[in-house]
Amino acid sequence: MTEEEVEALARGFLAAHDPGGDRLEFLRARFDAGLAWVHFPEGLGGLGVHRELQQAVDRVLAGTPQPDVGVQGIGLGMAAPTILAFGTEEQKKRFLRPLWTGEEIWCQLFSEPGAGSDLATLATRAVRDGGEWVVDGQKVWTSGAHHARWAILVARTDPDVPKHRGLTYFVCDMHAPGVEVRPLRQITGEAEFNEVFLTGVRLGDDLRLGEVGDGWRVAQTTLMNERVAIGGGPVRRGGGMIGVVAETWRNRPELRTHDLHQRLLRLWVESEVTRLAGARLREQLAAGQPGPEGSGMKLSFAALNQALSGFDVELHGAEGLEYDDWSFRRSDSVDFFGRGPGYRYLRAKGNSIEGGTSEILRNIVAERVLGLPSEPRVDKDVPWKDLPR
């Protein structure tokens with residue numbers, strides 16, 4: 001199918017469906033027409049065509065109801081590609097449509113108090129009981145758990161084998177008995193993420209993604225897509241955080257200094273390099289699943305966003321030290337551009353932690369992209385139950 005044919009399909013859809021009507025019905029119809037994510041198979045929101053043809057759809061349907069990426073980001077960027085890669089046909093049909101329309105929100109139950117950067121050491125247990133699994137454990141830094149219907153969950157099903165080999169991947173019902181969500185207040189004053197306690201949570205085996213014991217391989221698909229979603233998203237030239245800073249520079253000449261000008265120029269160049277590298281990465285993605293290069297993009301994004309948000313505060317001078325709202329609230333999404341410089345500066349501190357810490361990502365880039373020797377690891381062949389904790 002050509003770009004012209006896909007564009008014609010999108011125009012035909014728009015002619016037949018009123019974007020000013022019911023938002024949910026419009027999104028459902030778009031999914032059913034295969035115009036949600038065109039590279040997905042037919043019947044699952046796609047047309048089974050090249051990923052890059054999504055741009056033709058997006059151009060035609062610009063200004064119409066869209067998924068709320070701020071709320072649905074984990075579902076769209078992490079759960080969906082994992083379900084597509086490892087889910088059964090029944091799971092794909094059950095989960096993908098309400099995930100894309102926003103009828104069901106997703107969160108991610110990966111990190112634990114004792115297993116963050118070294119995720120494979122996680123201790124949450126899933127024990128088989130007939131046709132069900134009984135899950136006990138604690139997860140942390142779970143964004144959006146307070147309004148999520150489903151979660152992607154990695155749990156340990158075999159403690160007698162090395163840490164990477166005893167994991168299994170599940171879809172967790174966040175409304176199941178035994179699931180408790182508690183807010184974690186951040187440096188910004190908000191609680192966009194949480195800690196989640198799982199006590200005797202029963203999940204049917206039909207909620208398992210992939211084979212028993214193959215959870216680490218399934219999780220790698222999630223993590224690679226997560227890093228691309230965070231660091232490799234499309235940004236127009238002069239868009240994103242550099243656009244916010246540049247607009248202040250243009251509109252507030254009284255704030256300018258020679259030193260700040262030189263720094264802004266360097267940041268602009270870095271932003272362009274990162275933007276163009278992201279475009280190249282998305283072209284590579286069109287040919288298959290994301291690889292370790294996404295870790296490099298996410299690493300660059302975090303460093304650049306923190307540098308720009310710091311510059312933003314400094315550029316505003318005394319105004320940059322003001323803070324608009326410290327009140328505690330359970331936010332639905334990250335309003336990065338709707339808040340002031342102080343909020344952006346504080347929230348950007350999380351960029352080098354969420355989606356994989358910068359330290360771990362440097363190891364991934366060094367070993368899997370550059371081919372450098374890996375760090376010595378003495379626990380790779382030790383059964384998980386024998387690891388010191």
>> I'd like to know whether Val154 forms a side-chain contact (heavy atoms from CB on, under 4.5 Å) with Trp216, so could you lay out the CA-CA distance, the side-chain angles of the two residues, the decisive distance to 0.1 Å, and finally the verdict.
In response: CA-CA 8 Å; Val154 182; Trp216 184 251; 6.0 Å; no
>> To check you understand the geometry: which heavy-atom pair defines the closest contact between Leu315 and Leu260, and what is its length?
In response: CD1-CD1, 4.0 Å
>> Could you work out, with salt bridge (Lys or Arg N to Asp or Glu O under 4.0 Å) as the rule, every residue matching Glu190, not counting sequence neighbours?
In response: Arg329, Arg339
> Less than 4.5 Å apart, any side-chain heavy atom of Asp160 and any of Pro383?
Replying inline: no
>> Run the salt bridge (Lys or Arg N to Asp or Glu O under 4.0 Å) test on Arg51 and Asp58 for me, step by step, so that the C-alpha distance in whole Å, both residues' side-chain angles and the decisive distance to 0.1 Å come before the verdict.
In response: CA-CA 12 Å; Arg51 183 190 297 257; Asp58 293 343; over 6 Å; no
> Minimum heavy-atom separation for Phe170 to Ala155, with atom names?
Replying inline: CE1-CB, 4.3 Å
> Yes or no on side-chain contact (heavy atoms from CB on, under 4.5 Å) for Ser271 and Leu308, after CA distance, side-chain angles and deciding distance?
Replying inline: CA-CA 9 Å; Ser271 297; Leu308 283 166; 3.9 Å; yes
> Does the side chain to side chain donor-acceptor pair (under 3.5 Å) test come out yes or no for Glu367 and Asn363, once each step is laid out?
Replying inline: CA-CA 6 Å; Glu367 296 173 15; Asn363 281 349; 5.0 Å; no
>> Checking Ser111 now: which residues fulfil side chain to side chain donor-acceptor pair (under 3.5 Å) with it, not counting sequence neighbours?
In response: none
> Is the backbone N or O of Thr124 less than 3.5 Å from a side-chain atom of Glu112, with the two atoms forming a donor-acceptor pair by type?
Replying inline: yes
> What are the two closest non-hydrogen atoms of Gly238 and Trp268, and how far apart are they?
Replying inline: CA-CH2, 3.6 Å
>> Test side-chain contact (heavy atoms from CB on, under 4.5 Å) on Ile83 and Lys92; report intermediate values, then the result.
In response: CA-CA 6 Å; Ile83 293 170; Lys92 295 172 189 177; 4.1 Å; yes
> Is it the case that more than 12 heavy atoms not belonging to His258 sit under 6.0 Å from its NE2 atom?
Replying inline: no
>> Regarding Gln91 and Arg208, do their side chains bring together a donor and an acceptor under 3.5 Å, going by distance alone?
In response: no
> Backbone N or O of Glu247 within a donor-acceptor pair of the Asn251 side chain at under 3.5 Å?
Replying inline: yes
> Which pair of non-hydrogen atoms, one from Pro81 and one from Leu76, has the smallest distance, and what is that distance?
Replying inline: CD-O, 3.6 Å
>> Does this structure show an ion pair linking Arg59 with Glu3, if we count only N-O contacts that are shorter than 4.0 Å?
In response: yes
> Taking only residues two or more places apart in sequence, or in another chain, which ones meet Glu359 in a side chain to side chain donor-acceptor pair (under 3.5 Å)?
Replying inline: none
>> Can you confirm whether Gln108 sits close enough to Leu223 that some side-chain heavy atom of one is under 4.5 Å from a side-chain heavy atom of the other?
In response: yes
> How would you list, by chain and number, every residue that makes a salt bridge (Lys or Arg N to Asp or Glu O under 4.0 Å) with Arg202, sequence neighbours excluded?
Replying inline: Asp129, Glu132
>> Could you see if Val218 belongs to whatever hydrophobic cluster contains Leu203? Use Ile, Leu, Val, Met, Phe, Trp, Tyr and a side-chain cutoff under 4.5 Å.
In response: yes
>> Test your reading of the model: is there a side-chain donor-acceptor pair from Arg256 to the backbone of His261, 3.5 Å cut-off?
In response: no
>> Looking at Gln186 and Arg347, would you say the former's side chain and the latter's main chain have a donor-acceptor pair under 3.5 Å?
In response: no
>> Suppose we screen for side chain to side chain donor-acceptor pair (under 3.5 Å). Which residues come up paired with Asp118, at least two apart in sequence or across chains?
In response: Lys163
>> One pair to check against side-chain contact (heavy atoms from CB on, under 4.5 Å): Leu109 and Ile152. What are the steps and the verdict?
In response: CA-CA 6 Å; Leu109 298 177; Ile152 44 179; over 6 Å; no
> If you link I, L, V, M, F, W and Y whenever their side-chain heavy atoms are under 4.5 Å apart, who else ends up in the same group as Val38?
Replying inline: Met1, Val6, Leu9, Phe13, Leu14, Phe26, Leu35, Leu47, Val49, Leu53, Val57, Val60, Leu61
> Where does the angle between the aromatic ring planes of Trp150 and Phe95 fall among parallel (under 30°), tilted (30 to 60°) and perpendicular (over 60°)?
Replying inline: perpendicular
> For residues 71-83, which residue pairs qualify under side chain to side chain donor-acceptor pair (under 3.5 Å), counting only residues two or more places apart or in two chains?
Replying inline: Thr82-Thr222
> Are Pro183 and Arg330 close enough that some pair of their side-chain heavy atoms sits under 4.5 Å apart?
Replying inline: yes
>> Going by ring-ring contact (aromatic ring centres under 6.0 Å, His included), name the pairs with one or both residues in residues 187-206, residues two or more places apart or in two chains.
In response: Trp141-Phe193
>> Surrounding CD of Glu211 (heavy atoms of other residues, nucleotides or ligands, distance under 6.0 Å), is the total greater than 12?
In response: no
> Hey, does the side chain of Lys298 reach the backbone of Glu354 with a donor-acceptor pair shorter than 3.5 angstrom?
Replying inline: yes
> Are the side chain of Arg125 and the backbone N or O of Arg156 linked by a donor-acceptor pair below 3.5 Å?
Replying inline: yes
> Looking at side-chain heavy atoms only, is the closest gap between His147 and Val71 below 4.5 Å?
Replying inline: yes
>> Show me the pairs that pass side chain to side chain donor-acceptor pair (under 3.5 Å) and involve residues 6-25, at least two apart or across chains.
In response: Glu7-Arg11, Glu25-Arg28
> Can you get from Ile360 to Ile353 by hopping between Ile, Leu, Val, Met, Phe, Trp and Tyr side chains that sit under 4.5 Å apart?
Replying inline: no
>> Let me check something: do Tyr345 and Trp326 share a hydrophobic cluster, defined by ILVMFWY side-chain heavy atoms less than 4.5 Å apart, either directly or through other members?
In response: yes
> Should Val181 and Leu198 be regarded as members of a common hydrophobic cluster, given that ILVMFWY residues are connected when their side-chain heavy atoms come within less than 4.5 Å of each other, either directly or indirectly?
Replying inline: yes
>> Run the side chain to side chain donor-acceptor pair (under 3.5 Å) test against Thr157 and tell me which residues pass, sequence neighbours left out.
In response: Thr168
> Where is the tightest heavy-atom contact between Val171 and Trp106, given as atom of each residue plus distance?
Replying inline: CG1-CH2, 3.8 Å
>> Applying side-chain contact (heavy atoms from CB on, under 4.5 Å), can you list everything that pairs with Phe31, at least two apart in sequence or on another chain?
In response: Ala36, Trp37, Leu96, Arg97, Trp100
> Are Leu267 and Val245 close enough that some pair of their side-chain heavy atoms sits under 4.5 Å apart?
Replying inline: no
>> A quick test of your reading: do over 12 heavy atoms of other residues, nucleotides or ligands sit less than 6.0 Å from CZ of Arg237?
In response: no
>> Give me the atom names and distance for the closest heavy-atom approach of Ala148 to Cys107.
In response: CB-SG, 3.7 Å
> Side-chain donor-acceptor pair under 3.5 Å between Thr64 and Gln66, yes or no?
Replying inline: yes
>> Whether Asp173 and Arg149 form a salt bridge (side-chain N of Lys/Arg under 4.0 Å from carboxylate O of Asp/Glu) is what I want to check.
In response: yes
> For Asp381, what residues pass the salt bridge (Lys or Arg N to Asp or Glu O under 4.0 Å) criterion, not counting sequence neighbours?
Replying inline: none
>> Tell me if a side-chain donor or acceptor on Asn194 pairs with a main-chain N or O of Thr142 at a distance below 3.5 Å.
In response: yes
>> Can you tell whether the side chains of Asp324 and Arg344 come within less than 4.0 Å, N to carboxylate O?
In response: no
> Would you say Glu270's side chain and Ser300's backbone share a donor-acceptor pair under 3.5 angstrom?
Replying inline: no
> Can you check whether Thr188's main-chain N or O pairs, donor with acceptor, with Tyr323's side chain at less than 3.5 Å?
Replying inline: yes
>> Checking side-chain polar atoms at under 3.5 Å, does Ser327 have a donor or acceptor matched by the opposite partner on Asp325?
In response: yes
> Heavy-atom distance under 4.5 Å between the side chains of Thr221 and Tyr169, does that happen here?
Replying inline: no
> Do Val134 and Leu167 share a hydrophobic cluster, counting only Ile, Leu, Val, Met, Phe, Trp and Tyr and linking them when any side-chain heavy atoms are less than 4.5 Å apart?
Replying inline: no
